[in-house]
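Notes follow once the structure below has been shown.
Because the structure is a prediction, the values reported are computed rather than measured. Order of the sequence lines sets the chain letters (A, B, ...), proteins ahead of strands, with each chain counted from 1.
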Number of protein chains: 2
Amino acid sequence: MDATTIGLVAGALTSFAAVPQVLRTWRTRQARDLSIWQPVILTVGMFLWLAYGMLLKDLPLIVANLFSIVCYLVLIGMKIIFDRADKLALRD
Amino acid sequence: MDATTIGLVAGALTSFAAVPQVLRTWRTRQARDLSIWQPVILTVGMFLWLAYGMLLKDLPLIVANLFSIVCYLVLIGMKIIFDRADKLALRD
């Protein structure tokens, strides 16, 4: 396996890694144990990786990071919504 | 800002992103809402990024991924330990 292939597989894995957490949070409607800062910092970092990929015209880097950004933005949205629902439920 | 600087900042951010989740899980002793698959898949991906960095003799890539791998291995360990403690507590 040459370096480029290793890099592509690595990128695919680190991009796909968000999916199980998105699915679990969607299924359980629970995000209390999640730190919002992980997806927020990851998203900022991945925007920079996206810019880096565009500067280098590196398609895998662009596609991998676009996919991850969408996943983590969905996760951030769910974290905010489900935590708010938790608070309202506690008040009732 | 040139491409290399953007790449270094992106790498630092995506590596550092694990820290808030590790700290939160350590503080709350709660990991129920976390999917174990995210850190597991990320760790496998980051081992490949580490191999990629070694092949390219790219020090930032090596350092960033070593740091992240340690963070996510700690997170996986806490997830297993705290979930087991949860189950034992439910049984008592």
field: CA sep, side-chain torsions, deciding dist, call: F47(B), T43(B), side chain to side chain contact (heavy atoms under 4.5 Å, CB included)
entry: CA-CA 6 Å; F47(B) 266 114; T43(B) 305; 3.7 Å; yes
query: Given the options S35(A), A12(A), G45(A), which has more heavy-atom pairs under 4.5 Å with chain B than any of the others?
result: S35(A)
field: Top of A51(A), G11(A), P39(A) for chain B proximity - count of heavy-atom pairs under 4.5 angstrom
entry: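 The option with the most such pairs is G11(A).
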Transitive ILVMFWY side-chain link L8(B) to L50(B), under 4.5 Å: no
- prompt: Should I6(A) and V63(B) be regarded as members of a common hydrophobic cluster, given that ILVMFWY residues are connected when their side-chain heavy atoms come within less than 4.5 Å of each other, either directly or indirectly?
  reply: no
field: CZ-NZ distance between R84(B) and K87(B), expressed to the nearest 0.5 angstrom
entry: 8.5 Å
CA sep, side-chain torsions, deciding dist, call: Q30(B), D86(B), side chain to side chain contact (heavy atoms under 4.5 Å, CB included): CA-CA 8 Å; Q30(B) 285 293 333; D86(B) 264 4; 3.9 Å; yes
task: Please report the C-alpha distance between F16(A) and V19(A) in whole Å, then the side-chain angles of each, then the deciding distance to 0.1 Å, and finally whether the side chain to side chain contact (heavy atoms under 4.5 Å, CB included) criterion is met.
output: CA-CA 6 Å; F16(A) 177 76; V19(A) 172; 3.9 Å; yes
Winner by heavy-atom pair count (cut-off under 4.5 Å) against chain A, out of D33(B), L13(B), I41(B):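 So the answer, after comparing D33(B), L13(B), I41(B), is D33(B).
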message: Salt bridge or not between D83(A) and R32(A)? Use side-chain N to carboxylate O under 4.0 Å.
response: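 Result for this pair is no, no salt bridge flagged.
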Quick check on [X] against chain B: is it the side chain, the backbone, both or neither that has a heavy atom closer than 4.5 Å?
| X | answer |
| --- | --- |
| T28(A) | neither |
| A31(A) | backbone |
| L55(A) | side chain |

- prompt: Taking T25(A) for the side chain and V22(A) for the main chain, is one N or O donor matched with an acceptor at less than 3.5 Å?
  reply: no
- request: Please step through side chain to side chain contact (heavy atoms under 4.5 Å, CB included) for the pair Q38(B) and L34(B), ending with a clear verdict.
  value: CA-CA 8 Å; Q38(B) 180 185 10; L34(B) 298 182; over 6 Å; no
Heavy-atom proximity to chain A below 4.5 Å, by part of L56(B):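 Only the side chain of L56(B) comes within 4.5 Å of chain A.
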query: What residues of residues 67-79 of chain A sit under 4.5 Å from chain B when only non-hydrogen atoms are counted?
result: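 Counting heavy atoms that sit under 4.5 Å from chain B, the residues of residues 67-79 of chain A involved are Y72(A), K79(A).
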